[in-house]
Amino acid sequence: MEDGARIAVGFGDWQPADPASAGTTGNIYYDVDPSNTFVTITWDGVQEWNVPTAIMNAQMVLYASGQVDFRYGSCAQG
């Protein structure tokens with residue numbers, strides 16, 4: 001099996017809030033713009049798996065044209 005192309009805002013094992021995992025934080029969500037020309041994916045206070053001090057705030061914007069933008073807020077790695 002051939003691996004396909006991948007794109008990531010931050011390589012790591014990010015774990016958004018999960019009611020079954022005490023102490024996890026943050027959320028990942030997406031918004032499609034009204035003109036349907038881009039989608040914004042947001043990592044809002046998401047922690048790295050098993051590293052509560054590693055928190056990421058970032059966005060990836062994927063445009064219909066093929067352009068990709070990365071936007072970073074505060075990020076702390078473990």
Side-chain angles (χ1 to χ4, degrees):
M1 184 171 103
E2 183 178 322
D3 289 341
R6 290 172 176 76
I7 188 168
V9 72
F11 289 100
D13 192 358
W14 299 99
Q15 181 179 17
D18 178 0
S21 299
T24 58
T25 63
N27 202 357
I28 301 170
Y29 54 91
Y30 73 95
D31 295 298
V32 179
D33 87 298
S35 65
N36 211 29
T37 58
F38 66 88
V39 62
T40 302
I41 304 162
T42 303
W43 287 257
D44 184 15
V46 177
Q47 81 173 52
E48 188 172 355
W49 182 82
N50 209 25
V51 185
T53 58
I55 303 291
M56 180 167 57
N57 292 291
Q59 290 183 319
M60 181 182 345
V61 184
L62 305 171
Y63 295 88
S65 67
Q67 177 179 327
V68 178
D69 290 346
F70 295 97
R71 301 172 182 164
Y72 294 94
S74 60
C75 298
Q77 294 183 326

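Owing to the predicted nature of the structure, the values given are computational and were not obtained by experimental measurement.
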Next item on the list: For N57 and S74, indicate whether the former's side chain and the latter's backbone hold a donor-acceptor pair under 3.5 Å.
Entry: yes
Checklist line | side-chain contact (heavy atoms from CB on, under 4.5 Å) between V39 and D31, worked out | finding: CA-CA 6 Å; V39 62; D31 295 298; over 6 Å; no
Margin query: Could you report the tightest heavy-atom contact between T37 and D33, atom names first, then the distance?
Written below: N-OD1, 2.6 Å
Next item on the list: List the atom of A54, the atom of W14, and the distance in Å for their closest heavy-atom pair.
Entry: O-CZ3, 3.8 Å
Checklist line | Candidate pair Y30 and I28, rule side-chain contact (heavy atoms from CB on, under 4.5 Å), full reasoning | finding: CA-CA 7 Å; Y30 73 95; I28 301 170; over 6 Å; no
Next item on the list: For residues Y72 and A58, report the shortest heavy-atom separation together with the two atoms involved.
Entry: CD2-CB, 3.7 Å
Margin query: Looking at every non-hydrogen atom in both residues, tell me the closest pair between W43 and M60 and how far apart they are.
Written below: CH2-CE, 3.6 Å
Check: Any chain of hydrophobic side-chain contacts (each under 4.5 Å) joining V32 to V68?
Finding: yes
Next item on the list: Return the minimal non-hydrogen interatomic distance between Q15 and W49, and the atom names on each side.
Entry: OE1-CD1, 3.1 Å
Margin query: Please say yes or no: joined through hydrophobic side-chain contacts below 4.5 Å, possibly via intermediate residues, are M56 and I7 part of one cluster?
Written below: yes
Next item on the list: Check whether any side-chain heavy atom of V9 lies under 4.5 Å from a side-chain heavy atom of I41, and answer yes or no.
Entry: no
Notebook entry, point to check: Which heavy atom in D69 sits nearest to a heavy atom in Y63, and how many Å separate them?
Noted result: OD2-OH, 3.2 Å
